[in-house]
Amino acid sequence: MNSPVINLIIVLAKHKYALKEGREQLAVVLGLRIPDGWPEFPEAFELPAASVPEPSPWSGYFFVSPRDGAVIGNGGFTGSPRDGEVEIGYEVAPEFRNQGFATAAVWNLLASAFEHADVTAVIAHTLAESNASNAVLTKAGFKFAGEFPNAEVGKVWRWRIAKDALKTPKEIGGT
């Protein structure tokens, strides 16, 4: 199966203000369809308390399917690299799950992160249970890096991929 094509559009303050007014307003600003049930994690679009320079490669992104003319999810980086590592997070709208979009999004985020010389590894955290996010990360080449306590959910699993371990989608049987 071919991986779907997605584009990353950096989330700017104007997008956050539009979403605060409503999903319909965000659709107008982006010129894209906004799927039902998205975002599940609106905290990703909270307005910063202080002025943040835009755009930053370590910001959030909309995941866009050109084929569908829709936002299919969002994600990005939890901050700038620290000690060579940067953390990713992502979500895909319910109607676009199980179609390869999450894997395509993770590949895009990895490519973006590893373009920076100071990034030597990318990490991610998931709930401490087998789930779709684990499968996506494993498919992208992440390795399990341990279980850690988490104040919000009890425990989380950490996943990690080093720049020198990154394989292309073709190398692991994708496209």
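The pair Glu85-Arg160 meets the salt-bridge criterion, with a side-chain N (NZ, NE, NH1 or NH2) lying under 4.0 Å from an Asp/Glu carboxylate O.
Of all non-hydrogen atoms in Ile6 and Ala104, the two that sit nearest each other are CD1-C, 3.8 Å. Across every non-hydrogen atom of Pro81 and Asp118, the tightest pair is CG-OD2, 3.8 Å. Nearest heavy atom pair, residue Ile161 against residue Phe114, reads O-CZ, 3.7 Å. The shortest non-hydrogen separation linking Leu26 to His15 is CD1-O, 3.7 Å. The two residues Ile10 and Ser56 come nearest to each other via the heavy atoms CD1-O, 3.0 Å. Counting all heavy atoms, side chain and backbone alike, Trp38 lies closest to Ala93 at CB-CB, 3.8 Å.
When hydrophobic clusters are built by joining Ile, Leu, Val, Met, Phe, Trp and Tyr residues whose side-chain heavy atoms come closer than 4.5 Å, directly or via intermediates, Leu19 is grouped together with Ile9. There is no path of hydrophobic side-chain contacts, each under 4.5 Å, that joins Trp157 to Phe148. At a threshold of 4.5 Å between side-chain heavy atoms, the hydrophobic network of Ile, Leu, Val, Met, Phe, Trp and Tyr places Ile123 and Trp107 in two separate groups. No continuous path of ILVMFWY side-chain contacts below 4.5 Å connects Val71 to Val5, so the two sit in separate hydrophobic clusters. Leu8 and Val29 are members of different hydrophobic clusters when ILVMFWY side chains are connected at heavy-atom separations under 4.5 Å.
Expressed to the nearest 0.5 Å, how far OG1 of Thr126 lies from CD of Glu147 amounts to 9.5 Å. Here the CG-OG distance, from Leu32 to Ser65, works out to 9.5 Å after rounding to the nearest 0.5 Å.
With hydrogens and angles disregarded, a donor-acceptor distance shorter than 3.5 Å links the side chain of Thr120 to the backbone of Gly84. Checked by atom type and distance alone, the side chain of Glu91 pairs as donor or acceptor with a backbone atom of Phe41 at under 3.5 Å. Of the possible donor and acceptor atoms, one in the side chain of Lys163 sits under 3.5 Å from a partner among the backbone N and O of Val119. Within the 3.5 Å criterion, the main-chain N or O of Ala70 finds no donor-acceptor partner in the side chain of Asp68. Panel note: side chain Arg97, backbone Ala132; no donor-acceptor pair is recorded below 3.5 Å.
Using a 4.5 Å heavy-atom threshold, the side chains of Trp159 and Asn134 count as touching. Side-chain contact check for Ile72 versus Val64: every heavy-atom pair is 4.5 Å or farther apart. Between Val153 and Leu127, the closest side-chain pair of non-hydrogen atoms falls below 4.5 Å. A heavy-atom distance below 4.5 Å is not found between the side chains of Asn74 and Tyr61. Side-chain contact check for Phe142 versus Leu110: some heavy-atom pair is nearer than 4.5 Å. Side-chain contact between Asp36 and Pro94 is absent, with no heavy-atom pair separated by less than 4.5 Å. Between Leu109 and Val122, every side-chain heavy-atom pair lies at or beyond the 4.5 Å cut-off. In this structure, His125 and Glu87 have side chains that are in contact, with non-hydrogen atoms separated by less than 4.5 Å.
Remark: Trp58 engages Phe77, His116 in a ring pair (Phe, Tyr, Trp, His ring centres under 6.0 Å) (not counting sequence neighbours). Looking at residues two or more places apart in sequence or on another chain, you find a ring pair (Phe, Tyr, Trp, His ring centres under 6.0 Å) between Phe101 and Phe96.
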So Thr78 and Ile88, side-chain contact (heavy atoms from CB on, under 4.5 Å) or not? Walk me through it.
CA-CA 6 Å; Thr78 62; Ile88 63 168; over 6 Å; no
Can Arg33 and Glu95 be said to form a salt bridge (charged side-chain N to carboxylate O under 4.0 Å, His left out), step by step?
CA-CA 12 Å; Arg33 184 173 69 81; Glu95 75 178 83; 2.9 Å; yes
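Open room surrounds OH on Tyr17; 12 or fewer heavy atoms of other groups in view lie less than 6.0 Å from it. Heavy-atom neighbours of Glu43 CD from other residues, nucleotides or ligands within 6.0 Å: above the threshold of 12.
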